[in-house]
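Written below as structure tokens is the structure these notes are about.
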2 protein chains.
Amino acid sequence: MTNRSKRSEQTVPCHACPVRKLTRFQPLPESQQAVVQQYRAGQTLLPAKHHLYREGELHGNIYTLFSGWVMLYKTLSNGGRQILRYALPGDFISFQADLQAPMNHSAQTLTECTLCVFPRQNLIQMLQTHPELGLQIAWITARDMTLGQEYLVNIGRKNAKERLAFLFTELFQRMGMHDPKIGNSIPFPMTQEDIADTLGLTLVHVNRTLRNLREEGLINLSHHTLTILDYAQLAELAGFNNDTLATDQPLL
Amino acid sequence: MTNRSKRSEQTVPCHACPVRKLTRFQPLPESQQAVVQQYRAGQTLLPAKHHLYREGELHGNIYTLFSGWVMLYKTLSNGGRQILRYALPGDFISFQADLQAPMNHSAQTLTECTLCVFPRQNLIQMLQTHPELGLQIAWITARDMTLGQEYLVNIGRKNAKERLAFLFTELFQRMGMHDPKIGNSIPFPMTQEDIADTLGLTLVHVNRTLRNLREEGLINLSHHTLTILDYAQLAELAGFNNDTLATDQPLL
DNA sequence: CGATTAATTGATCGTATTCAACTGTGGTGG
DNA sequence: CCACCACAGTTGAATACGATCAATTAATCG
């Protein structure tokens, strides 16, 4: 149990992780979907371990992920890596505050991926012609930011076991496996090193903590498949709260 | 030096922290400023240590901070706290993906603050009438998200000294102190416990690391004033890179 | 099937935590 | 003005969680 400031003045209520509300793919209203179609430049199929773009590069496209997993990360001067989040089908990739500037992070496929490609210029044009889409983007960005904040809490204030538990429940939820039926599995394309770089731990310690979770019968992770054996206990460990029922509605 | 995976395949270039591009208050174009004025419900003066809102509350307002410091944080079930970021003058506060849902974080003033208040309903109306403002919000949100990602890297992949160094340089930059002249000071209203809860450390360890930095002549922090004695070395420690020159331009 | 990458385990070390006590500071009221 | 209190900062000692170093086993892929 690490760094838990138990301040006495404990008036502030805890309302645990609302990742649930971040999980589902929010389809655009039909009217807007048609509009968006006009601006896309087609679809790409990329192999696993392929970089969409790298930190520091000027990059011309924006993407929507149709199938597969993409990981977004940043690199440190000493060779370290911090994974920021995993993009799942439906996610929007490579949007950043300054569309002209070099990318502030890298994106690499973990599996084979199908992506819908929008040239940046098209996006800009689209936003000029259909300004109401700006708000959609604000909504998506705010949702991604909330997930990032959950990650911050996870890394900053939880021990290794709890961090693992959180990552697993988060991905399980985002994959759309809300079923109460226990013992479900999801594909899990990342390596233990990836997990380590997501959670601010080392590869070795991730491995040991995984064994620990396995021995306690909470999960099983092998051959790139994650099986949740005891969701309730895992969510409890993670400080993950399903109560926060989500209205997945967009802003307006 | 903690958790630095030195993977051999070191092809990915490192492009260090572009916080600089996140620092300055991006004023709206004049045309839009006039529009926004119509929807604000006036200004408030709040004392220090006052909560704007708490996690889990339904909250009716959106704010722009005019003067003072506000801290945004999340609470854990075990009593822990993770500070997400410090809002400085010009920052937008309390916008989240689901405007109807309970707040997903808390906001508390660190100093006396002047805020501009927008009732949520007004914001929604404003966005309906002037959809082009949605993109402005997307821009602001994306910028805040980028800062959050820097925090993630900071907590996930750096040791205590580096984390402190980063926080100091970040705030120094965001306060608008880009002057090359060495030895400048900024107000620093947070306690050592706040710093600890920002950086994923404990109060005690922050204290020791501060002493360390002081003894090395990099900073001085006392009486809520931070003095940067050796910016270059501090930025180096933090992995902070000024090269990334910023175009502070909005999207369109 | 051999080569490369990923997972696993052991031993040791160190950074940061924890527990605990003490010092300084600022504010309040007698 | 000083006594008192609450709170922030400081320091010490012991501990622990996770890192580091190193070597071995298991998967995966051409």
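Numbered from 1 within each chain, the chains take letters A, B, ... in sequence-line order.
- Annotation: side-chain hydrogen bond (donor to acceptor under 3.5 Å, both in side chains) contacts involving residues 206-217 of chain A, sequence neighbours excluded, comprise A:K161-A:E216, A:Q192-A:N207.
- Under the side chain to side chain donor-acceptor pair (under 3.5 Å) criterion, A:T198 pairs with A:Y86, not counting sequence neighbours.
- For A:I155 and D:dG18, the CD1 to P distance is 13 Å, given to the nearest whole Å.
- Here C:dT15 presents its P atom at 12 Å from CD of B:E162, a figure rounded to the nearest Å.
- Residues passing the side chain to side chain donor-acceptor pair (under 3.5 Å) test with A:H105 are A:Y53, sequence neighbours excluded.
- To the nearest angstrom, C1' of C:dT8 lies 12 Å from CD of A:E215.
- Between B:K158 atom NZ and C:dT15 atom P the separation is 18 Å, expressed in whole Å.
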Please list each protein N or O that sits under 3.5 Å from an N or O in nucleotides 6-12 of chain D, with the distance.
residue	atom	partner	partner atom	Å
D:dG9	OP2	B:Q192	N	2.9
D:dT10	OP2	B:Q192	NE2	2.6
D:dT10	OP2	B:N207	ND2	2.9
D:dT10	O5'	B:N207	ND2	3.4
D:dG12	N7	B:R208	NH2	2.4
D:dG12	O6	B:R208	NH2	3.3

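- The distance from atom NZ of B:K161 to atom P of C:dG14 is 16 Å, rounded to the nearest whole Å.
- Rounded to whole angstrom, the span from the CG atom of A:N212 across to the P atom of D:dC17 amounts to 11 Å.
- Closest contact between the side chain of B:H223 and the listed nucleotides D:dT28, C:dG26, D:dG18 involves C:dG26.
- Applying the side chain to side chain donor-acceptor pair (under 3.5 Å) rule to A:S67 yields the partners A:T114; only residues at least two apart in sequence or on another chain are considered.
- Under a 4.0 Å N-O distance rule, the pair B:K74/A:E150 qualifies as a salt bridge.
- Rotation axes derived from the C1' atoms of the five outermost pairs at either end of the helix from C:dC1-D:dG30 to C:dG30-D:dC1 lie 50° apart, to the nearest 10°.
- Qualifying side-chain contact (heavy atoms from CB on, under 4.5 Å) partners for A:H50, counting only residues two or more places apart in sequence or in other chains: A:L46, A:P47, A:T109.
- With rounding to whole Å, A:H205 atom NE2 is found 17 Å from C:dT15 atom P.
- Taking the centre of each ring, A:Y63 and A:F92 stay at or above the 6.0 Å mark.
- One atom, CG of B:N159, and another, C1' of D:dC17, lie 16 Å apart when rounded to the nearest Å.
- In this view, B:Y151 satisfies the ring pair (Phe, Tyr, Trp, His ring centres under 6.0 Å) rule with no residue, not counting sequence neighbours.
- Residues meeting the side-chain contact (heavy atoms from CB on, under 4.5 Å) test with B:A165, sequence neighbours left out: B:L234, B:L237, B:A238.
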